[in-house]
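Both backbone and side-chain heavy atoms feed into the values below; hydrogens, waters and symmetry mates do not.
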Amino acid sequence: MRAKQRNDSHTPNALIDYSTYAMSAKEIAVSALIAAAVLYAIGIVFYMNQFAALALALLGAAYPKVRKAELRDKRKAELCMQFKQALYALSASLAAGKSVENGFRDCVDDLKLLYPDPNTYIVREFEIMNRRVENGDPIELALVDFAGRADLEDVHSFVDVFITCKRTGGDLVEVIRRTSNMISEKLEIQQDISVMIAQKKLESKILTMAPFTIVFLLAVSSPDYMAPLYSPSGALIMTVALLLLVGCHFIAKRIMNVKV
């Protein structure tokens with residue numbers, strides 16, 4: 001049975017399933033408390049009522065799920081970037097005339113120069129593959145297991161081509177070189193898109209925060225002016241306005257989430 005890692009820093013020798021992210025109790029508590037604090041502040045600004053603010057703060061308990069997805073995507077992005085570097089190192093080893101197994105072993109030494117941290121994802125994965133080969137498993141089986149846990153299209157594509165090429169006697173050096181170049185070009189496109197929409201993301205965040213800031217300033221500077229909105233009938237208007245702001249935020253976030 002495959003071992004699942006619950007937390008990267010606490011179980012450094014466990015296999016990682018990159019399709020999920022197991023948050024520690026501390027991470028869950030911190031993310032929930034931060035979300036609850038923010039929602040409580042919003043509740044005070046929009047309703048000027050402790051009970052309404054506390055009810056809104058309870059929704060912070062759902063934020064760890066959102067944070068979990070963010071951390072999972074961040075980890076997979078780091079793994080993809082590191083995998084590209086691993087392919088460069090592996091291609092250089094095979095081009096020097098080394099066997100596939102020796103190339104994977106030498107690749108770990110090259111990766112450690114780039115990533116001194118022994119808990120770097122790609123370093124750990126290549127060490128795991130090398131240990132499996134030393135124990136008698138074929139390199140193809142180790143790669144298939146890694147691809148299944150990595151949950152990355154680029155890794156799956158590379159492993160499929162690698163296995164086919166090795167079985168049919170193809171040019172592994174050329175295959176790995178082309179794969180690394182394709183991944184590199186894809187990452188460059190993603191980075192270019194990120195740069196282009198970075199300003200729009202900042203503008204979206206500012207526009208999202210602006211209504212809350214305006215309501216807060218009006219409530220502090222002109223309480224009589226805002227008093228009708230804090231009445232029972234005004235609470236309905238504030239609730240509709242809050243829902244519209246939240247909806248706009250998620251729509252903008254979805255638009256900005258460009259994937260190649």
Side-chain angles (χ1 to χ4, degrees), residues 1-5 8-9 11-21 72-191 259-260:
M1 183 179 294
R2 180 185 301 169
K4 294 290 185 71
Q5 178 174 3
D8 296 344
S9 59
T11 54
N13 295 322
L15 297 178
I16 305 174
D17 185 355
Y18 295 91
S19 63
T20 62
Y21 187 94
R72 178 201 62 202
D73 294 341
K74 179 181 178 182
R75 184 171 63 179
K76 289 173 67 174
E78 291 177 0
L79 178 64
C80 187
M81 181 69 70
Q82 295 167 6
F83 182 67
K84 181 193 72 170
Q85 299 297 335
L87 289 184
Y88 282 135
L90 182 60
S91 177
S93 296
L94 295 180
K98 297 181 180 180
S99 65
V100 174
E101 289 75 12
N102 289 332
F104 272 82
R105 281 194 289 268
D106 292 344
C107 183
V108 173
D109 296 330
D110 294 335
L111 289 173
K112 287 181 177 179
L113 296 176
L114 293 173
Y115 307 107
D117 184 1
N119 288 326
T120 302
Y121 302 126
I122 198 64
V123 173
R124 292 170 56 180
E125 292 298 341
F126 268 67
E127 288 178 339
I128 290 171
M129 286 189 280
N130 287 333
R131 284 198 296 270
R132 292 189 60 172
V133 171
E134 291 171 359
N135 291 332
D137 288 344
I139 187 64
E140 295 94 330
L141 183 60
L143 282 170
V144 169
D145 178 71
F146 168 57
R149 290 184 292 105
D151 192 33
L152 289 170
E153 181 182 355
D154 295 328
V155 177
H156 278 290
S157 299
F158 167 75
V159 171
D160 291 340
V161 175
F162 179 91
I163 293 175
T164 302
C165 189
K166 195 169 187 296
R167 289 176 178 175
T168 58
D171 189 351
L172 282 175
V173 177
E174 182 64 17
V175 168
I176 295 174
R177 185 186 66 81
R178 289 189 177 183
T179 304
S180 61
N181 287 337
M182 289 175 61
I183 295 175
S184 179
E185 291 174 359
K186 179 180 178 180
L187 291 175
E188 288 177 0
I189 294 173
Q190 290 176 333
Q191 290 171 355
K259 294 184 179 180
V260 179

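Shown here for D106 and S93, the closest heavy-atom pair between the two residues is CB-OG, 3.8 Å. Here the shortest heavy-atom pairing between A86 and C107 reads O-SG, 3.4 Å. Contact between Y21 and R72 at its shortest, heavy atoms only, is CB-CB, 3.9 Å. The minimum heavy-atom distance between M129 and A142, with the atom names listed, is CG-CB, 3.8 Å. Residue S19 comes nearest to D151 through the heavy atom pair CB-OD2, 3.4 Å, listed as atom of the first residue, atom of the second, then distance.
Residues I128 and R131 are in side-chain contact: their nearest non-hydrogen atoms beyond the backbone lie under 4.5 Å apart. Side-chain contact check for F83 versus V155: some heavy-atom pair is nearer than 4.5 Å. With contacts defined as side-chain heavy-atom distances shorter than 4.5 Å, the pair K84/K186 does not qualify. When side chains are defined from C-beta on, F104 counts as touching L143, because their heavy atoms get closer than 4.5 Å. By the 4.5 Å heavy-atom criterion applied to side chains, K98 and R105 are not counted as neighbours.
Note: I16 CD1 to F146 CZ = 9.5 Å, rounded to the nearest 0.5 Å. Between the OH atom in Y121 and the CG atom in L111 there is a gap of 15.5 Å [rounded to 0.5 Å]. Interatomic distance, K112 NZ to F126 CZ, rounded to the nearest 0.5 Å: 13.0 Å. From Q85, atom CD reaches atom CD1 of I122 across 10.5 Å, with rounding to the nearest 0.5 Å. Note: T120 OG1 to E78 CD = 9.0 Å, rounded to the nearest 0.5 Å. One distance of note links CG of L79 with CZ of R149; it measures 9.5 Å at 0.5 Å rounding.
One N or O on the side chain of R75 and one on the backbone of T20 form a donor-acceptor pair closer than 3.5 Å. For the pair T164 (side chain) and D160 (backbone), a donor-acceptor distance under 3.5 Å is present.
Between the side chains of S99 and N102, a donor-acceptor pair is found at a separation under 3.5 Å.
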